[in-house]
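Small disclaimer: the values here were computed from a predicted structure and weren't measured. Chain A is the first sequence line, chain B the second, and so forth, proteins listed ahead of strands; every chain is numbered from 1. Every heavy atom of this structure was used, including side-chain atoms; hydrogens, water molecules and symmetry mates were not.
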2 protein chains.
Amino acid sequence: MSGEDDFVLALRVADAGLEARLLALLGGVPGLRLAEEGEAADAVLSDADARAGGPELTPREREVLELLTTGASNRAIGAALGISAHTAKFHVARLLDKLDATGRTDAVAHAARLGVVHL
Amino acid sequence: MSGEDDFVLALRVADAGLEARLLALLGGVPGLRLAEEGEAADAVLSDADARAGGPELTPREREVLELLTTGASNRAIGAALGISAHTAKFHVARLLDKLDATGRTDAVAHAARLGVVHL
DNA sequence: GCGCCTACTGCCCGGCCGGGCAGGGTGACG
DNA sequence: CGTCACCCTGCCCGGCCGGGCAGTAGGCGC
């Protein structure tokens with residue numbers, strides 16, 4: 001039956017115009033169909049990562065943020081970067097402020113949503 | 001010039017076979033081209049969310065996990081769900097165990113990578 | 001009826017987190 | 001030369017986290 005071996009693609013796009021454009025581009029591709037609401041998909045097409053949004057981060061802040069996504073403590077971040085835990089904590093505080101986060105868990109989630117980190 | 005108004009799509013796919021299949025499907029679509037390494041894209045096509053991976057979570061655990069992604073404390077989770085902070089903490093501990101995470105920040109990152117939550 | 005699972009609650013403890021405050025050094029720029 | 005941004009370090013404090021331990025109750029399958 002038609003569709004059985006189709007590649008199922010789910011769209012997760014915030015911009016309605018972008019979504020319409022994608023529907024037009026991908027709607028007629030043989031072997032590919034778009035997933036319905038709630039349907040399991042083979043892959044997801046999202047504009048989240050491409051947003052390249054979020055605040056400007058310094059190189060050190062990026063390094064600290066990457067380590068935050070691994071669940072590292074301030075002490076572990078300090079050890080990984082060869083700095084003191086106090087300094088690591090200072091950078092984490094700067095990140096919380098720039099990402100408008102209430103804590104490191106919130107910071108990681110915000111950063112992922114903004115496309116600042118890829119999980 | 002050709003390509004100027006193209007929709008630029010970046011692939012972030014772990015499976016090589018899947019990537020090849022996508023290249024075959026999308027390579028010939030007019031108005032669409034695939035981003036080069038490091039190039040900024042309009043959207044990202046990823047199999048991360050579609051993996052539907054990760055452990056089986058109970059309904060309550062899913063609720064707690066959603067609240068974790070907002071950076072909520074155990075006390076806040078308890079308040080939001082109408083249960084005690086101790087119970088919220090119990091569910092968080094179960095999540096850390098199921099997601100093989102060292103802490104709530106790690107749990108949120110793991111869950112996002114596995115497609116258990118969408119950030 | 002029993003065992004298992006889920007959901008719930010409490011307490012204790014050591015370590016960690018985050019805000020606030022103090023301070024210093026270096027390099028780039030006008 | 002002064003200023004600014006970035007990076008670094010220390011200390012204090014209250015609150016939070018996570019592991020460990022104890023317990024209860026209800027629903028479901030055998």
- prompt: Nearest-Å distance, CD1 (I77(B)) to P (dG15(D))?
  reply: 19 Å
statement: Which of V8(B), L9(B), V29(B) passes side-chain contact (heavy atoms from CB on, under 4.5 Å) with L34(B)? It is L9(B)
- line: Rounded to whole Å, the CG-C1' distance (D100(B) to dG18(D)) equals 15 Å
Give me, pair by pair, the N or O atoms of the protein and of nucleotides 6-12 of chain D that are less than 3.5 Å apart, along with how far apart they are.
residue: dC7(D); atom: OP1; partner: R60(A); partner atom: N; Å: 3.4
residue: dC7(D); atom: OP2; partner: T58(A); partner atom: OG1; Å: 2.6
residue: dC8(D); atom: OP1; partner: R60(A); partner atom: NE; Å: 3.2
residue: dC8(D); atom: OP1; partner: R60(A); partner atom: NH2; Å: 2.7
residue: dC8(D); atom: OP2; partner: R60(A); partner atom: NE; Å: 3.1
residue: dC8(D); atom: OP2; partner: H91(A); partner atom: NE2; Å: 2.7
residue: dT9(D); atom: OP2; partner: S84(A); partner atom: N; Å: 2.6
residue: dT9(D); atom: OP2; partner: S84(A); partner atom: OG; Å: 3.3
residue: dT9(D); atom: OP2; partner: T87(A); partner atom: OG1; Å: 2.4
residue: dT9(D); atom: O5'; partner: T87(A); partner atom: OG1; Å: 3.3

Close side-chain approach of R94(A) and V64(A), heavy atoms under 4.5 Å: no
- request: May I have all residue pairs that pass salt bridge (charged side-chain N to carboxylate O under 4.0 Å, His left out) and include part of residues 74-83 of chain A, sequence neighbours excluded?
  value: none
- prompt: Which whole-number value in Å describes the distance from R104(A) CZ to dG15(D) C1'?
  reply: 15 Å
field: Stepwise side chain to side chain contact (heavy atoms under 4.5 Å, CB included) check, L26(B) with L45(B)
entry: CA-CA 11 Å; L26(B) 302 175; L45(B) 200 151; 4.1 Å; yes
message: Has R62(B) got a side-chain atom pairing as donor or acceptor with V116(B)'s backbone, closer than 3.5 angstrom?
response: no
- prompt: Expressed in angstrom and rounded to an integer, what is the separation of L95(B) atom CG from dG19(D) atom P?
  reply: 12 Å
- prompt: Do R104(B) and V108(B) come close enough that some side-chain heavy atom pair is under 4.5 Å?
  reply: no
task: Take atom CG of N74(B) and atom P of dC8(C), then tell me their distance rounded to the nearest Å.
output: 14 Å
Euclidean distance, atom CZ of residue R75(B) to atom P of dG18(D) [Å, nearest integer]: 16 Å
